[in-house]
Number of protein chains: 2
Amino acid sequence: MNKPAGAMSYDELRGAIAQRHRALSGRLQQIAEFVLDHPTDVALGTVAEVAQRSGVPPSAIVRFAHALGFGGFTEMQQVFRSRLVAGVAPSYKARLARMKSEEKSVLGRQPAAVLSRFVSEAQSALVTLSQSVHARELDAATAILAKARDIYLLGLGGSFPVAIHLAYVLRKLGRRVVLLDGTGGSIHEQSHAATTEDALVAISFRNYYPDTARLFPELVARGVPTISITDSLLSPIVEGASVVFEIQDMPEPALRTLVAPMCLVQAMAIGLDLAAD
Amino acid sequence: MNKPAGAMSYDELRGAIAQRHRALSGRLQQIAEFVLDHPTDVALGTVAEVAQRSGVPPSAIVRFAHALGFGGFTEMQQVFRSRLVAGVAPSYKARLARMKSEEKSVLGRQPAAVLSRFVSEAQSALVTLSQSVHARELDAATAILAKARDIYLLGLGGSFPVAIHLAYVLRKLGRRVVLLDGTGGSIHEQSHAATTEDALVAISFRNYYPDTARLFPELVARGVPTISITDSLLSPIVEGASVVFEIQDMPEPALRTLVAPMCLVQAMAIGLDLAAD
DNA sequence: TAACAAATGGAATGAATATTCTAATCTCAC
DNA sequence: GTGAGATTAGAATATTCATTCCATTTGTTA
């Protein structure tokens, strides 16, 4: 009788409702108006709740869903829920597209396709970054760095490029930097001189490098102010940190582009320099 | 035993989970990690679904909610749903906040404004990258790397993070890599063993690091196939290179985010791996 | 090694939910 | 005013769901 209505986007559903509105019966029109005005209620509520808020009996809600071609309320609700999901996770679409191109393995293997995949992934990582980092955290981080005598950098394994880059930029800006790279011995010795007058920037993503997990608590215990950049609040460099930047949705180690953390440390360093004048 | 947990924001809940994570039992820790990584699944799923996706029995999910001070899963789920609701209508409030921070960016000194500047700059760098890199060059580059016995990496100064990252990824993929970093002596010695059977990836941007400019021609003269990543066709690592990737519009050294070259080398490495099968 | 405590998994339970069914009501044409 | 068809509301039902309970396993201390 109707469209398939199975895989329907929220916008398509809105259009369909608006189109059929006139042809619907009285009660059903009333429901149509309510669901268009309160899509969130429909997405999260039960039939009884939606019924009560829109002032109709529960069965009318189900009839409404049927009239739109759905098998029932639950089916229609999925469409309203997809709207919520889309709003909260803009990286969802890109990630989905990436999965698809990965499935088309033959095409996905051409180096050019691989590059565009990483580019689009990096794009969404940047969007997520700018949304998830709050001004308060950045201010706190630059304040810590501004007061620091020496800035210690801890980022091993896959995070090492980020630490190197931050070291480079900070030194260019005239800051005293100690890069904990473990060259020529233990990083424990390298970090031995760190005091409460200094600061530590720690960078670590899954799987967390063991040395990082070991050294970080030591420096925290010694009272060194710390800024952590990581991918989960459960990582070993969160507890005791003065400021934590959480960068979500980091891909597995071999697939990371480090785009988001690179941008973040860059902004930290330059922000520090500009604020210092 | 715990906080009220009744009216709790999503961010507060995240913090609470992170805080208690260590004190939780094994299964509960596993669940903690899952819910922090998949908040949307928790918001919209049933106990059975969440249990299946996180690989635990349903009862463990309920115990997890109890451990956090909630009366049950449903109660905890409300907090996760509030996140979806908050994210769905950001247009007004977020846009307003963004405008304000952009206005302040006239001052340009707020760290948050600095971050958004770097993010947008990185975005355009990525667009430029995907437009300027052609499939032919990428294919040629992966072909060179595929044939190479050892892969030598040369990227000093500001380009060092890119070289480090490429070394990391290639090694993860099982390639033999020699990173020319000059540790413990001259990079000339480190590169002494390179032959025509090997390959060199050179990365250099203005101002071109002197050692790079000196070493590159040597290896070219010895017949080592070379892939160059640089910002100008006039750079010292272009002449004699087998493949050249030109990344335009690189900002001055202290301001670069290295986003474009990081993506490029990543795509090269993964493309190499996929093509090798 | 033994005994205890904590934690776990899975089945049982009772509540909540969507859906269906049927009698009653309304609408409209004649 | 009357009858036919469509529409509605509310109770009945079958399903899904969260929660609880208990036997078993796991880890720890003596």
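Note on naming: letters A, B, ... go to the chains in the order of the sequence lines (proteins, then strands), and numbering restarts at 1 for each one.
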Open item on the list: Less than 4.0 angstrom between a side-chain N/O of A/H66 and OP1 or OP2 of C/dT20, yes or no?
Closed with: yes
Task: Backbone N/O of A/G45 and side chain of A/Q77: donor-acceptor pair under 3.5 Å - done: yes
- [ ] Grab the CZ-P distance between A/F64 and C/dA18 for me, whole Å please.
- [x] 16 Å
Task: Spacing of B/F73 atom CZ relative to C/dA15 atom C1', expressed in whole Å - done: 16 Å
Task: Salt bridge present between A/R136 and A/D139 (N-O < 4.0 angstrom) - done: no
Open item on the list: Measure CE/B/M76 against P/D/dA18 and give the value in whole Å, please.
Closed with: 11 Å
Open item on the list: Let's see if you can work this out: which of D/dT7, D/dA9, C/dT19 has an atom nearest to the side-chain heavy atoms of A/V47?
Closed with: C/dT19
- [ ] Evaluate the criterion side-chain hydrogen bond (donor to acceptor under 3.5 Å, both in side chains) for residue pair A/S9 and A/D11; output intermediate values, then yes/no.
- [x] CA-CA 5 Å; A/S9 80; A/D11 284 329; 5.3 Å; no
Open item on the list: Let me confirm one number: the NE2-CD distance from A/H21 to A/E33, rounded to the nearest 0.5 Å.
Closed with: 4.0 Å
Open item on the list: Without decimals, in angstroms, what is the distance between B/E75 CD and D/dT20 P?
Closed with: 11 Å
Task: B/S25 side-chain proximity, nearest of C/dT8, C/dT17, D/dC17 - done: C/dT8
TODO: Tell me yes or no: between the side chains of A/Q30 and A/R27, is some donor less than 3.5 Å from an acceptor?
DONE: yes
Open item on the list: I need the CZ-P distance between A/R27 and D/dT7, as an integer number of Å.
Closed with: 14 Å
Open item on the list: What is the separation between atom CD on B/Q29 and atom C1' on C/dT8, rounded to the nearest whole Å?
Closed with: 15 Å
Open item on the list: Would you say B/T74 places a side-chain N or O within less than 4.0 Å of OP1 or OP2 belonging to D/dC17?
Closed with: no
Open item on the list: Atom CZ of residue position B/F73 - does it have more than 12 heavy atoms of other residues, nucleotides or ligands inside 6.0 Å?
Closed with: yes
- [ ] For the pair A/T230 and A/M250, evaluate side-chain contact (heavy atoms from CB on, under 4.5 Å) and give the outcome as yes or no after the intermediate values.
- [x] CA-CA 9 Å; A/T230 187; A/M250 285 291 275; over 6 Å; no
Open item on the list: Could you tell me how far apart B/L28 (CG) and D/dT26 (C1') are, to the nearest whole angstrom?
Closed with: 15 Å
Task: Contact list for DNA chain C against residues 48-63 of chain B - heavy-atom distance below 4.0 Å - done: B/P57, B/S59, B/R63
Open item on the list: What is the distance, to the nearest angstrom, from the CZ atom on B/F70 to the P atom on D/dA18?
Closed with: 16 Å
